[in-house]
Amino acid sequence: MAKVDAQFTDHVAETVAALTSSGVLLVSVGEDGKPNIMTIGWGTIGVIWGKPIFVVLVRPSRHTFRLLNQTNEFTVNVPYPDLKEACDVCGSESGRDIDKFAKCNLTPAAGNKVKVPIVQECGIHYECRVVHKNNVAPVELEPGIMGEYYPTEDFHTVYYGEIVACYADEDLRQRM
Ligand SMILES: Cc1cc2nc3c(=O)[nH]c(=O)nc-3n(C[C@H](O)[C@H](O)[C@H](O)COP(=O)(O)O)c2cc1C
């Protein structure tokens, strides 16, 4: 299926809906060139520094954290509902141990503007370059959030990715 260029604002509703259901697929690649997929449920799209930005939060315990810090690029891929099982695998197994593209029968296709591949079988794609990152600051956190999300102090790093390309399947509306 052909992918057609989109504005970064064109598919926000579908992207947020996926974030709040099975998750979306974040791909990163290490210095060794091996891509890895991780499911994310937290993220946001907006404008910062006059740039279109996709913000993602990744805990240091993730293999993805290491890869992101090596190459500073990622893609976000919004799956169709029939990829739920792949979202579960990519959200529970680590790229340290297995090749998740192979395990889930997913295809890494070359990105247009970044070295990180997209997940071909997904419907919407964002290619991002990290322009800033910071750490969740425990002293600034509401105590309720601290207790619920950080019992092991695995504080997320917040990555601000400039969206340098956005595109989607031509027949997205019929399939999503
Ligand atoms: C629906 C869902 C959403 C998730 N969202 C995030 C997230 O936003 N940030 C994060 O650090 N981990 C998140 N996870 C956990 C990672 O996807 C999981 O730990 C994964 O195995 C890490 O893979 P990696 O070690 O290959 O990077 C989520 C898991 C699921 C199932």
Side-chain angles (χ1 to χ4, degrees), residues 11-46 48 53-108 111 114-128 130 132-138 140-142 144-161 163 176:
H11 301 298
V12 173
E14 296 97 319
T15 303
V16 173
L19 279 165
T20 55
S21 55
S22 300
V24 304
L25 301 179
L26 185 156
V27 180
S28 57
V29 65
E31 281 162 348
D32 62 3
K34 285 190 194 150
N36 181 47
I37 314 174
M38 162 181 151
T39 304
I40 58 165
W42 294 3
T44 185
I45 297 171
I48 312 178
I53 298 281
F54 206 126
V55 175
V56 298
L57 288 86
V58 178
R59 296 185 193 263
S61 56
R62 314 301 188 218
H63 183 55
T64 297
F65 176 80
R66 197 161 157 262
L67 305 186
L68 273 179
N69 291 340
Q70 284 178 6
T71 54
N72 280 311
E73 292 182 341
F74 61 91
T75 64
V76 177
N77 304 269
V78 181
Y80 291 107
D82 63 3
L83 291 176
K84 187 189 177 319
E85 206 179 315
C87 293
D88 292 346
V89 171
C90 294
S92 57
E93 302 210 34
S94 179
R96 272 184 218 102
D97 310 317
I98 58 159
D99 175 347
K100 290 188 251 185
F101 274 102
K103 172 141 190 183
C104 300
N105 284 319
L106 295 172
T107 313
V114 296
K115 293 200 178 81
V116 182
I118 59 163
V119 180
Q120 178 72 27
E121 290 78 6
C122 288
I124 305 166
H125 311 273
Y126 300 87
E127 297 187 9
C128 303
V130 176
H132 179 60
K133 61 186 174 187
N134 55 30
N135 298 326
V136 166
E140 306 290 354
L141 267 183
E142 187 183 279
I145 295 178
M146 179 76 180
E148 186 171 353
Y149 293 103
Y150 299 105
T152 62
E153 305 197 346
D154 193 9
F155 297 108
H156 292 93
T157 290
V158 186
Y159 293 89
Y160 300 74
I163 301 167
M176 198 50 100

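Order of listing sets the numbers, starting from 1, for every ligand and every atom in it. Please read these numbers as outputs of a predicted model, since none were measured by experiment.
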Sequence neighbours excluded, the answer for salt bridge (charged side-chain N to carboxylate O under 4.0 Å, His left out) partners of Glu121 is none
>> Can you see whether Lys133 engages Asn69 through a side-chain donor-acceptor pair at a distance of less than 3.5 angstrom?
In response: yes
Among side-chain atoms of Asp154 and Thr152, is any donor-acceptor pair under 3.5 angstrom? no
shortest atom 30 (C) of ligand 1-to-protein heavy-atom contact is with Thr39 CG2, 4.0 Å
Numbered in order shown, the ligand 1 atoms found under 4.0 Å of a heavy atom of Val58 are 11 (O)
- Query: Going by atom types only, do Asn72 and Tyr159 share a side-chain donor-acceptor pair under 3.5 Å?
  - Reply: no
ask   = Are any of the N/O atoms in Ser22 less than 3.5 Å from those in ligand 1?
value = no
Atom 22 (C) of ligand 1 sits nearest the protein heavy atom Arg62 CD, 3.8 Å
The protein heavy atom nearest to atom 5 (N) of ligand 1 is Gly41 N, 2.8 Å
for atom 27 (O) of ligand 1, nearest protein heavy atom and its distance come out as Thr64 OG1, 2.6 Å
protein heavy-atom neighbour closest to atom 25 (O) of ligand 1 works out as Ser94 OG, 2.7 Å
* Asked: So does Arg59 have more than 12 non-hydrogen atoms from other groups sitting under 6.0 Å from CZ?
  -> yes
Atoms of ligand 1 under 4.0 Å from any heavy atom of Gly95, numbered from 1 in the order shown, are 24 (P), 26 (O)
Applying side chain to side chain contact (heavy atoms under 4.5 Å, CB included) to Lys103 and not counting sequence neighbours gives Val89, Glu93, Ile98
CE of Met38 to CG of Leu25, rounded to nearest 0.5 Å, is 10.5 Å
Closest non-hydrogen contact found for Val130 with Glu73 is CG2-N, 4.4 Å
Taking distance alone, with N or O pairs closer than 3.5 Å, would you say Leu57 contacts ligand 1? yes
Interatomic distance, CZ@Arg96 vs CZ@Arg62, rounded to 0.5 Å, equals 9.0 Å
Non-hydrogen atom of Gly43 closer than 4.0 Å to ligand 1:
no
The closest protein heavy-atom partner of atom 10 (C) of ligand 1 is Met38 CE, 3.1 Å
Taking only non-hydrogen atoms of Asn36 and a 4.0 Å limit, the atoms of ligand 1 in range are 24 (P), 26 (O), 27 (O)
Closest to atom 23 (O) of ligand 1 (heavy atoms only, candidates Lys100, His63, Lys84) is Lys100
Scanning both residues in full, the closest heavy-atom pair of Tyr126 with Val12 reads OH-N, 4.3 Å
shortest atom 21 (O) of ligand 1-to-protein heavy-atom contact is with Glu93 O, 2.8 Å
Margin query: Does the plane of the ring in His132 sit parallel, tilted or perpendicular to the ring in Tyr160? Use 30° and 60° as the thresholds.
Written below: tilted
If we number the atoms of ligand 1 from 1 as shown, the ones under 4.0 Å from a heavy atom of Cys90 are 17 (O), 20 (C), 21 (O)
Query raised in the report: At the 4.0 Å heavy-atom cut-off, does Cys87 count as touching ligand 1?
Result: no
min-distance protein heavy atom vs atom 18 (C) of ligand 1 -> Gly91 O, 3.3 Å
